Amino acid sequence: MMKQFFRFLVYLKPLLLPFILALLSGVVASAASGFGIPMMIDKVFPVVFDNSKLPSFIQDILVEMVAPDRLHMVVLITACLILPLVMTIRGVATFINGYLTAFVGMRVLEEIRMKAFSHLQMLPLSFHESQKKGDLISRLLTDTQNVQAGITQVSNDLIKQPMTLVSALCFLGYQAAKTSQTSVLLSNLFFVSLSIWPIYFFGKRMVEKARRAQKELGDIMAVAQENLCSQREVRSYGMQGQQVAIFRQLTERFIRIQMKAVKYKQFLVPVLEGVCALGLGYLLVRCNSVGMKESDFMSFATALFMCYDPIKRLGMTYNRLKQAQASLERLNFILDQPDNMPDPENPVPLGKVKGNVSFRDVSFSYDGKHKVLEHINVDVPAGQVVALVGPSGAGKTTFASLIPRFYEVSSGSVHMDGVDLRDATKADVRSNISLVSQSPFIFRNSIIENIRLGKPGASDEEVIESAKKASVHDFAQQKEQGYYTMLADYGDGLSGGQKQRVAIARAFLKDAPILILDEATASLDSESENKIQEELDKLVVGRTTFIVAHRFSSIRIAQRILVFESGRIIADGTHDDLYVSCPLYKELYDKQSI
Ligand code: ADP
C-alpha cells in the first residue's frame with residue numbers, strides 16, 4: 001500500500017516548501033501539546049498552589065530583573081502567562097499546519113484528477129465503450145477526493161502525532177526517572193502498545209468496506225447518468241417507477257455498506273478509550289500501592305493521556321488511509337490502462353494529404369473473437385465519393401471508424417496517401433478527416449464556438465463563411481443573440497437538421513481532404529434531408545468521401561458503391577452495374593425505393 005502512496009508522492013515535488021512548512025508547524029504544535037502541557041502542570045501549578053519556584057533559568061532572570069518585594073507577584077504572573085503562551089504557540093502552529101496541509105492536499109488532488117482526466121482523453125475508444133460513464137465520473141470526483149482527504153490527514157498527522165507520542169513518552173520516562181517508578185512506566189507502555197491491535201484490526205476491515213462503498217457509489221452515478229441522459233425514453237416507456245426503484249435499491253445498498261464502515265470508524269475511538277481507561281485504572285492502583293503523591297500521579301496521568309490521544313488520532317488516520325487506499329486502487333485502474341494505440345517514436349509527418357485511402361487485407365474484431373470485418377481490400381483514390389451500403393450490422397460503420405483510427409485493425413493495414421496509419425501520429429491522421437455523424441454532438445457553448453471546433457483559432461469571419469455554406473447563417477441570425485446564442489446540454493434548442501448543419505459547418509471550416517458522413521441524414525424528415533443534401537453536395541466536392549448510408553437518396557452523389565455483407569465487401573461498382581450484377585444490392589435498392 002505504501003508503494004501506491006509513494007507513486008503519488010511525485011506530485012508533492014513542486015509543493016515541497018509548503019509541505020515542509022506544514023510538517024514543521026505540525027512538529028511545533030505537537031511539541032507544545034505533548035511536552036508543553038504536562039510540563040506546565042508539573043511546573044506551573046506548584047508555583048501557584050505550593051509557592052514553588054519557576055524552573056531556574058526563568059527564576060534566575062526574574063531575580064536579576066525584579067525588585068525582591070515584587071518578585072513573588074512577578075513569578076506568579078509569569079507562571080500564569082506560560083499557559084496562554086503555550087496555547088498561543090500551539091494555536092498558531094496548528095493553524096499554519098492545517099492551512100498548509102489543506103493547500104498541499106488540494107493541489108495534489110487537482111494534479112491527480114488532471115492526470116486521470118488527461119489519461120482518459122488518450123485511452124482508446126474501446127476502453128470508454130467498455131466502461132460505465134457514471135462510474136468513471138465517480139472515480140474522477142469522489143475517489144480523487146478520498147485520496148486527497150487521505151493525503152491531508154496523513155500529512156497532518158504523520159509527523160505531528162508520532163511527535164506528540166514521542167514527547168509524551170519522553171515526559172513519561174522523565175517522570176518515571178524522577179520518581180524512580182520504572183515499573184509504572186513499563187506497565188503504562190504495555191497498555192499503550194495494547195492499543196495498536198484494534199487499529200490494525202479495524203483498518204483491515206475498513207479497506208474492504210471502502211472498496212465496496214466506492215464501487216456502489218460508482219454504480220449509483222452510472223444509473224443517475226444514464227437516467228438523466230435518457231429522459232425522453234424514460235417518459236415514453238413510462239419507466240419512472242422502475243428507475244426510482246433501481247435507484248432506491250442501489251442507494252439502500254450503498255447506505256448499508258457505508259454504515260458498516262461507519263461502525264468500524266466509530267468503534268475504534270471507544271475501544272481505544274477503553275484501553276486508555278484500563279491503563280489509568282491500573283495506574284491508580286499502582287500509585288496507591290507505591291504511595292505516590294497526587295501531583296506526581298496527575299502528571300503521570302496527563303502524560304499517559306497524551307500518549308493515547310496521538311494513538312487514537314493515528315488510528316483514525318490509518319482508517320482514513322485505508323479508505324484512501326481503496327480509492328487509490330480505483331484511480332490506478334484508470335491510470336494503469338495502457339494506451340494500446342501509442343504513436344510511433346518516429347512518426348511519418350502526414351501534413352495535409354491528397355486523400356488516397358486504402359485498406360489492405362484488413363480484418364477487425366471488437367472483442368478479439370468475433371470477426372466484424374474480414375479481408376477487406378479497397379483502394380479509394382483522392383476525391384472519390386464512395387457509399388457504403390449493406391444490411392444493418394454488416395460492418396459499414398466499423399469500416400468507416402478504422403479510417404480515423406478509432407480502433408486498431410486486428411490484421412492488415414489502412415493507408416492514407418500510402419502511409420500506414422500506425423506510422424503516423426493519430427493527431428496527424430485525424431486532422432485530415434472531417435466527420436459528420438448521425439447525431440452530432442453539440443457542446444455547451446455558443447453556436448459560433450461550436451462551429452469553431454472545426455478549426456480552433458479560426459477568425460469569426462472564417463467561421464461565419466463556413467456557417468453560410470452550411471446554411472447555419474439563416475437560423476443563427478434569427479436567434480436573439482445570433483451566433484453567440486448559448487446552446488444547452490446536448491444541443492437542446494436546435495432541431496435535428498440544425499444540429500446537422502452545425503456539424504456540416506464544422507466540416508467546411510476544417511476543410512479536411514477526407515470526409516466521413518455517418519448516416520448523416522438518416523434521422524431527418526425528407527424535407528430537411530433534401531436541404532441538407534444540398535449542403536452536403538457542396539461539401540463533398542474535391543474530398544475523398546465515405547458515406548455510411550441506409551437511405552438510397554443520400555448516396556445519389558456517390559461515384560462508387562461498396563456493398564457490405566457480414567463483414568465482407570461482396571460488390572464494388574456504380575449503381576447501374578451493381579443493380580444488374582449484385583442481387584443483394586438490387587434487393588436493398590428495391591426495398592428502399594418503395
Ligand atoms: P453497420 O454500420 O453496417 O450497421 P456496424 O459496423 O455498426 O454495422 O456493426 C458491425 C458489427 O459489429 C455488429 O454485429 C455490431 O453489433 C458490432 N459492433 C458495432 N460496434 C461495436 C462496438 N463498439 N463494440 C462491440 N461490437 C460492436
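Each residue takes its place number in the sequence, starting with 1. In this text, all values refer to a predicted model and were calculated from it rather than measured experimentally. Ligands are counted one by one from 1 in listed order, and the atoms in each one are counted from 1 as well.
- In this structure, of Leu125, Val548, Thr397, Asp518, the residue bringing a heavy atom nearest to atom 7 (O) of ligand 1 is Thr397.
- At least one heavy atom of Gly393 sits less than 4.0 Å from an atom of ligand 1.
- Among Phe364, Tyr407, Tyr366, Phe399, the residue whose heavy atom sits closest to atom 17 (C) of ligand 1 is Tyr366.
- For the residue pair Tyr264 / Glu208, no side-chain donor-acceptor distance below 3.5 Å is found, with atom types taken as modelled.
- The side-chain heavy atoms of Leu562 and Val386, taken from C-beta on, include a pair separated by under 4.5 Å.
- No hydrogens or angles considered: nothing links the side chains of Gln249 and Arg253 as a donor-acceptor pair under 3.5 Å.
- Under a 4.0 Å criterion applied to the non-hydrogen atoms of Thr398, ligand 1 contributes the atoms 5 (P), 6 (O), 9 (O), 10 (C).
- Contact annotation: for Glu129 versus ligand 1, heavy atoms closer than 4.0 Å belong to the side chain alone.
- One distance of note links CG of Leu435 with CZ of Arg506; it measures 10.0 Å at 0.5 Å rounding.
- Once rounded to the nearest 0.5 Å, the distance linking CG of Leu515 with CD1 of Ile433 reads 10.0 Å.
- Contact annotation: for Val372 versus ligand 1, heavy atoms closer than 4.0 Å belong to the side chain alone.
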